[in-house]
Protein chains: 2
Amino acid sequence: MTTQTAAQSRAAAKQSYDAYLSSCPSRNLLDRISDKWVSLVLVALGESDRRYSELARQLAGVSQKMLTQTLRTLERDGLISRVMTLSVPVRVDYSLTPLGVSLLPILAAVKDWAEEHMDQVIAARDDYDTADPPRS
Amino acid sequence: MTTQTAAQSRAAAKQSYDAYLSSCPSRNLLDRISDKWVSLVLVALGESDRRYSELARQLAGVSQKMLTQTLRTLERDGLISRVMTLSVPVRVDYSLTPLGVSLLPILAAVKDWAEEHMDQVIAARDDYDTADPPRS
DNA sequence: CTGCATCCCAAACGATACTG
DNA sequence: CAGTATCGTTTGGGATGCAG
């Protein structure tokens, strides 16, 4: 067991982390990437690199605080990289790291699913709300 | 434009919903499905139908309140269905609807990504925390 | 332009007790 | 077993003001 292939390592890692367990770090990570702003930022950066102000404009309604907080966390977790250009005024560009790129298609799928199935969900809600409550 | 195929409807729907816009309902839906408990519940039900108590056991650390709340929302949104059997004691089974099934592989991918990339994220955090803060 | 610090309120959440 | 109800705490997140 001293030598193992990358595939074997990955399989072992997959087994040793279990998001169903509250004590497992992956539960925490799942919570972090399961986030509205994370999805939108990642997908936006997937289209192309973005400046801070470009992200703020594209993610309508995001506050400075949430945007900065989200970007910092994503940077710390190694999903995006931040490049600051010292000029006047200062310019900051964000881009996806390879790790971020690996997550991108998944979160893009989540965002797309929401947009594509909105009608069905609205219909389901309408059914649920108009249906008679079950008698016990 | 009075008649259109289902495919055309879907294409139109896709264009008319944009999660980047704060006023768009899909932004709200994205927020709902971007949820730790939603992922875990959906994936658990993807394995097989589950009773309330089985879910409570599998999702370690979830409170009754959050579990019930999550299940109600998912039911209302048409992602899961709830079947109550009036016996003593009462028995309630949850299962995925076709709409839920369509979301399952996506959220399963999110959960798997978290478990598979935990090591890389931990390493990235370590780098970030030990690195010298950039001087300005 | 790109933040950080602070205040503050509302919503989220956990714990507990109770019910059909 | 499968919830509901209530309470108290924590957290999320917006608004504002300041700084490099």
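None of these values were measured; they are calculated from a predicted model. Every chain is numbered from 1, with letters handed out A, B, ... down the list of sequences.
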### Message
Which residues in residues 40-57 of chain A have a heavy atom closer than 4.0 Å to any atom of DNA chain D?
### Response
none

### Message
Distance check needed: C:dA5 C1' versus A:Q64 CD, whole Å only.
### Response
12 Å

### Query
Which angle, to the nearest 10 degrees, lies between the helix axes at the two ends of the helix from C:dC1-D:dG20 to C:dG20-D:dC1, each defined by five pairs?
50°

### Message
Using a 3.5 Å distance criterion without hydrogens, assess whether the side chain of B:D77 forms a donor-acceptor pair with backbone atoms of B:L79.
### Response
no

### Query
Between B:K36 (NZ) and D:dG12 (P), how many Å, whole number?
10 Å

### Query
Does any N or O in the side chain of B:R27 come within less than 3.5 Å of the main-chain N or O of B:Y20, such that one atom is a donor and the other an acceptor?
yes

### Message
Just the rounded figure in Å: distance from P of D:dG20 to CE of A:M84.
### Response
14 Å

### Query
Going by modelled atom types, is there a donor-acceptor pair between the base of C:dC13 and the side chain of B:Q69 at under 3.5 Å?
no

### Inter-residue atom distance B:L45.CG - B:L104.CG, 0.5 Å rounding
9.0 Å

### Message
Please compare A:R72 and A:K65 by the position of their nearest nucleotide in DNA chain C and report the one closer to 5'.
### Response
A:R72

### Query
A:V41, B:L21: one ILVMFWY side-chain cluster at the under-4.5 Å cut-off?
no

### Query
Rounded to the nearest Å, what distance is computed from the CG atom of residue B:L71 to the C1' atom of nucleotide D:dT4?
14 Å

#### Entry: Nearest heavy atoms of A:S102 and B:W113, plus distance in Å
OG-NE1, 3.0 Å

### Query
Rounded to the Å, how far apart are B:L67 CG and D:dA2 C1'?
10 Å

### Message
My understanding is that only one of B:D126, B:D127, B:D129 makes a salt bridge (Lys or Arg N to Asp or Glu O under 4.0 Å) with A:R76; could you say which?
### Response
B:D129

### Message
Both A:G61 and B:V92 contact DNA chain D. Which one's nearest nucleotide lies toward the 5' end?
### Response
B:V92

### Query
Just by modelled atom types, is the B:G100 backbone N or O under 3.5 Å from a matching donor or acceptor in the B:T97 side chain?
yes

### Query
Separation of B:R27 atom CZ from D:dG13 atom P, in whole Å?
11 Å

#### Entry: Point-to-point distance, once rounded to the nearest 0.5 Å, from CD1 of A:I80 to CG of A:L103
12.0 Å

### A:D93 CG to C:dC1 C1', straight-line distance once rounded to whole Å
12 Å

### Task
Can you figure out which of D:dG14, C:dG3, C:dG14 approaches the side chain of B:M66 most closely?
C:dG14

### Query
Which pair of heavy atoms, one from A:S95 and one from A:D49, lies closest together, and at what distance?
CB-OD1, 3.2 Å

### Query
Between A:R82 (CZ) and C:dG3 (C1'), how many Å, whole number?
8 Å

### Query
Which part of the nucleic acid, if any, lies within reach of A:V90 when heavy atoms closer than 4.0 Å are counted: base, sugar-phosphate only, or nothing?
base

